[in-house]
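So the structure is just underneath, and the comments pick up after that.
Remember, it's a predicted structure, so these values are computed and weren't measured experimentally. Quick note on labels: first sequence line is chain A, next is B, and so on, each numbered from 1.
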Amino acid sequence: AADEVKLQLKWVTQAQFAGYYVAKDKGFYSDEDLDVTILPGGPDIAPTQVVAGGGADVMIDWMPSALAAREKGLPLVNIAQPYKHSGMMLTCWKDAGIEKPADLVNRTLGVWFYGNEYPFLSWMAHLGIKTDGKGPDSVEVLKQGFNVDPLLQRQADCISTMTYNEYWQVIDAGVSPEELITFKYEDQGVATLEDGLYVLEDKLADPAFEDKMVRFVRASMKGWKYAEENPDEAADIVLENDATGAQTEKHQKRMMGEVAKLTAGSNGALDPADYERTVKTLLAGGSDPVITKEPEGAWTHAITDKALN
Amino acid sequence: MTGQAVIEARDLNLVFHTNDGPVHALKDVNLTVEKGDFVSFIGPSGCGKTTFLRVMAALEQPTGGTITVNGMTPDEARRKRAYGYVFQAAGLYPWRTIAKNIKLPLEIMGYSKADQNARVEAVLKLVDLEGFGGKYPWQLSGGMQQRASIARALAFDADILLMDEPFGALDEIVRDHLNEQLLALWARTGKTIGFVTHSIPEAVYLSTKIVVMSPRPGRIADVIESPLPRERPLEIRDTPEFIEIAHRVREGLRAGHSYDE
Amino acid sequence: MTGQAVIEARDLNLVFHTNDGPVHALKDVNLTVEKGDFVSFIGPSGCGKTTFLRVMAALEQPTGGTITVNGMTPDEARRKRAYGYVFQAAGLYPWRTIAKNIKLPLEIMGYSKADQNARVEAVLKLVDLEGFGGKYPWQLSGGMQQRASIARALAFDADILLMDEPFGALDEIVRDHLNEQLLALWARTGKTIGFVTHSIPEAVYLSTKIVVMSPRPGRIADVIESPLPRERPLEIRDTPEFIEIAHRVREGLRAGHSYDE
Amino acid sequence: MILVILALILWAFGWWLNVRLAEGPNAGAPLVRLAVPVIFGVTVLLVWELLVRGLNVPMVILPAPSLIATRFVTSLPVLWVDFRQTILKGALSGYIMGCGAALLVAVLIDRSDFLRRGLLPVGNLVAALPIVGTAPILVMWFGFDWQSKAAVVVVSVFFPMLVNAVAGLAQTTAMQRDLMRTYAAGYWQSFFKLRLPAAMPFIFNGLKVSSTLALIGAIVAEFFGSPTVGMGFRISTSVGQLSLDMVWAEIVVAALAGTLFYGLLALIEKGVTFWHPSQRG
Amino acid sequence: MKSVLAVLTVVAAIVAIWYAACAPMNIKGVLTELERGGAQVVPEGAPTRRDMSAIGLVVANSFAIPATWAQERPRLPAPHQVAVELWQTTVMKKITSKRSLIFHGWVTLSATLLGFAIGTGLGVVLAVGIVHSRVMDMSVMPWAIVSQTIPIIALAPMIIVVLYSIGVQGMLPKAIISAYLSFFPVVVGMVKGLRSPDHMQLDLLRTYNASASQGFWKLRLPSSMPYLFASLKIGIAASLVGAIVGELPTGAVSGLGARLLAGSYYGQTVQIWSALFAAGLLAAILVGILGVIERITLKRMGMA
Ligand SMILES: Nc1ncnc2c1ncn2[C@@H]1O[C@H](COP(=O)(O)OP(=O)(O)OP(=O)(O)O)[C@@H](O)[C@H]1O
Ligand SMILES: Nc1ncnc2c1ncn2[C@@H]1O[C@H](COP(=O)(O)OP(=O)(O)OP(=O)(O)O)[C@@H](O)[C@H]1O
Ligand SMILES: [Mg+2]
Ligand SMILES: [Mg+2]
């Protein structure tokens, strides 16, 4: 029988995870003799916890939270990094008078927490801006919910968005791109790695498991490359798999297009330079840093080396 | 006695609808009560005495016939606070002490604080419950609760006093005492009193008019106008007139019962 | 009369603790009740009659002295289901019809279905409530409820019957009728009966022993052994012996009251 | 394995001790009344500690009580700030407004049969509006600060309070009402002197149930947007960082606050409804 | 009949207030849109309007009122927008479709009912234990209270993860969370109800030497019925909320919770509101059914 693999997503079913859905739908997984179950995530689900509890074999997570978990004693290892670029940015109203990062002081900013706040804190630390309320050298930070309402309702001057998702929701709400100004974290030099594949270190010691992961990563990357080339078809596959029935075709197709830009530069193997940059950003961040020391053994090329050759 | 009709019932009927058929509680009741009358209702258990009292006090709607109180409907009279009512069970509010229970109508009718306290003292004395004002109802014996509820009805100045077996739970000595007190109060205030009792001597001793009721459907079997004087020492109970009336009441009652003795 | 002590109270005391000080409900009570006795308790309201009955039935713990029932503690006797108890208020369960209320003790004590129905029929007849078995308590008059609660206590075979003013809410005719029925039942079954009443004639008519109590703190003022024969027609109430005993009871009662007449 | 067996033995011992205490002669003493739940709680904690250690449960799933306690003690300032934001500002103000509004509406409903028939079914509908749906909307309307949390609390306590208050106001017996009728008492007189006192046991029922709902509501609402302070904020961000000890420290704060508040309500209830059979013992 | 009229009146009043409220609630968004489209609004510029009173804006731009009822992403959708959405996602969709609210409602309902059954059962058992055993009363009751002060959303993911790791998934984890929320009102109400018989009623059973279980079935249980039903109504609403909360961390793939979440994630206010209404209607129906059962039960017990 096919080997079972359970994959825990970081968020709900959407084109952000198109590669995996495509691999499943197109039979890339079954070609590798794998039976993959894709578990959607949600706002309250910590993929790390699910993996720790044995609910999934492999998960998709952002590196800051994976490294944090590692420091907390959950030995997660990055085995592949299909996303080369970071899609996170800060989107602001232009008419609020914001043109450059320094203009952010004395304003209200929406930020995602749940482990995603560290690049932001690091950026602010970098700029020398405090985050404890409005002031001449400080900003007021809101913990933003999952949508873009704080910006549309003007409860915040800027909010966090992903290039492939929330930004377009703002646009869909009738705002023209000219009214907005965006600051990509990547451009600000504080980007951290997003959407990597992580497993538990001790499980990786088992050759059978390692072999399973090799096949999984190989098929998944095949899925990603297929999705990049056939964005519309990939979006359709994602819509097929969305059990909530809430996603729209227009949005998913556009998301696929944007996601393709982020995955484009990656063959699946983690670029150590990106890793170094992420660690540096995290160590620099804020008063309550997510990691306090340089992690060790947090990534491996063992899987990708085998999978891609 | 002014001869002025206070309560006037004409062809009164009341039918309860229950899960197993209608119960005819009052049937074709005709009665005139004059101002200052002391009317006793006597009759077998379940014959409709309570029901009739409740109709008078506008607590129950007759299903047929008419009844007027002081020329008004009972409900209008109720709104004018014409009634003091003593229920068959004490019905004290458990969250109020005895004194506060007695104060309840006084508060509602807006008596002054000082007046309230004075009245509470007075009626507690009247029913022999001095010193129990601070107790809660469940700390009192059944008879004491009943006396407290009598005190509650006597505390304010209602024209018409309706009492549903007020002395049922009391011993003869207290009963005699309260009977005397009630007569004195009646003489002093000229209230009109409707009084349900099961005791024939009590009915005869107290009343100017005795209404004997017969059971299901409740009808008036006999109305006896008492020839006794208004001034009644306890000894009157040994006079031939008294015994004669008592006999007539007993006969009326017995007719309503099925036991053949 | 076998002369065997069923209830034996020695120096019984009971003090209630209330929010405003202790109430001495029973003080130094000594009493022996023999098997087959019919004991009446009479005394002013609030003197401790109910409390004493409750102590006998193990519903209240004395704070001093001893009491035995059939040589056991009241609680052991209770566990042996020695008691039938009629409370001062009817206390029927509102969610049960009259018949089902009467069946309650029968169900608990495990009588057969057929036996249950037969007994319910019999006691409903005894208290003159035939045809009311299907009604709910609130559809009955006060007196009818009280009779239903008597029926409930009579439905099963308890050695000791404790009745707290069972006939208080009934008219004289029914009362006479039930008095006779109760005497007949007592003669037939040889039960020991404890009976609280406020009516002197009733106490004298029914009892072999009359306990007169005096008020706060509740003490036994007098215990009168009745010389009347066990067989008692209603006419016995006109005999000199009867009137003599009644007089003695009245004197004992009057002594306990503060009214000076 | 030894630890697991030890946990079971400890459990049995704790229960035995409590049975002895609760059924013993001093069961009514205030000290015993306090000791029994405390022993129960301590037993649960010890068993928890032993099981977590014995079964090697990873800290990121369930931290041991000792870890939580350490974190609690070292984070007191943060916990206090969060407590003030969430409980004092969000929960308490919402609780007062929500319960107050429910009482008012209950009186309206009680006064008018028409409203009772019309409003109660609609009230049922409002009751079931799940927090996860209302919270984002209310955050959008009332902003990120405590005001929106209070609004969420209002919405979630309103219905339980209303149902209880309406049921309570209908608690009087026919004779008690008849008495008021014979006095021709006005609506408010019979309300304050009869219906309200008689309703108290039910109203306190509602207040108690609502007190825990208020707490949960205020915390959960912060998951949907908040300033960077508050118990819900801390819980959700700590879960993201897998600082489960911090999550549990906040839960401890919530439990302490909720229990104290509930205890206070129970105490007041004892004073107000001393006459009710359930309080008389 | 009278009830229907009353409900209709109240609903009509609410709808009217609702329409009126839409104007000030949505005016800022509408004005921004209109301004973008080239219309003349007073005053100009979204940042200037930001701190102005909404009612003032409505008055100054009364021509924009109809637009407040037809926005695509309103702060407060107009009643007809919600109604249309409800209609389209219930009647117009196949029940098996993932876009059908009936499908999602059913998913939630089944978890709710299972959770309610577990919660009520547990609540009643606990209440019986508490009333009959002093140890239970003294040790469990305080902790039952403590348990309710724990924000379930914080625990829900952990509960689900733990259950997951021992192989329990699907409906049961949701039902457990829903049971967790519903057992408490049942315990509180039931304890009070079981303790509501008065002294005389209890004394009567003592004289019969009735056993504890007889006392329970013949006295305590019947007299607790009014309390039980009051708590059940709260309990079922709590169950529904629990099931919806439980749907979030289970991956939010189906059920009303998932709809709410997805709606909220994509700022689809109309979709949130229609899911909210579906939840509310579901609850109203459940409470209504309980009310009918209550009436029948109490009537058969002669108490209504
Ligand atoms: N609410 C009610 N529903 C149905 N039947 C009722 C109701 N109230 C009273 N009845 C019936 O009406 C009849 C008269 O009752 P009522 O209470 O007036 O009797 P009563 O003369 O006061 O008796 P008692 O002396 O026993 O108090 C009885 O047969 C009773 O069953
Ligand atoms: N639970 C209680 N708490 C405090 N005091 C009580 C309690 N029960 C009775 N008492 C007091 O004990 C005394 C005796 O009460 P008991 O009920 O025995 O009187 P009783 O003789 O039966 O009177 P009645 O003829 O009026 O029924 C009364 O003074 C009463 O106030
Ligand atoms: Mg009557
Ligand atoms: Mg008594």
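- Residue contact with chain E, scored on non-hydrogen atoms closer than 4.5 Å, involves the backbone and the side chain of D:T134 alike.
- Residues of residues 8-18 of chain E that come closer than 4.5 Å to chain D, counting heavy atoms only, are E:T9, E:V10, E:V11, E:I14, ordered by residue number.
- When all heavy atoms of E:R75 and D:W141 are compared, the pair lying nearest together is O-NE1, 3.1 Å.
- Of the listed residues (D:P136, D:G41, D:A167), the one with the most heavy-atom contacts under 4.5 Å to chain E is D:G41.
- Contacts of E:L281 with chain D are made by both backbone and side-chain atoms, with heavy-atom separations under 4.5 Å.
- When heavy atoms are compared at a cutoff of 4.5 Å, E:S239 does not approach chain D at all.
- Looking at D:F114, both its backbone and its side chain come within 4.5 Å of chain E, counting heavy atoms on both sides.
- With a threshold of 4.5 angstrom between heavy atoms, D:F202 approaches chain E through side-chain atoms but not through N, CA, C or O.
- For the set D:T212, D:V252, D:V209, D:V44, the count of heavy-atom pairs under 4.5 angstrom toward chain E peaks at D:T212.
- With a 4.5 Å cut-off on non-hydrogen atoms, D:L62 does not touch chain E at all.
- Within a 6.0 Å radius of CZ in D:R111, other residues, nucleotides and ligands contribute more than 12 heavy atoms.
- When each of E:V191, E:I234, E:V188 is paired with D:N205, the side-chain contact (heavy atoms from CB on, under 4.5 Å) condition holds for E:V188 and for no other.
- The shortest non-hydrogen separation linking E:W273 to D:I137 is NE1-CD1, 3.3 Å.
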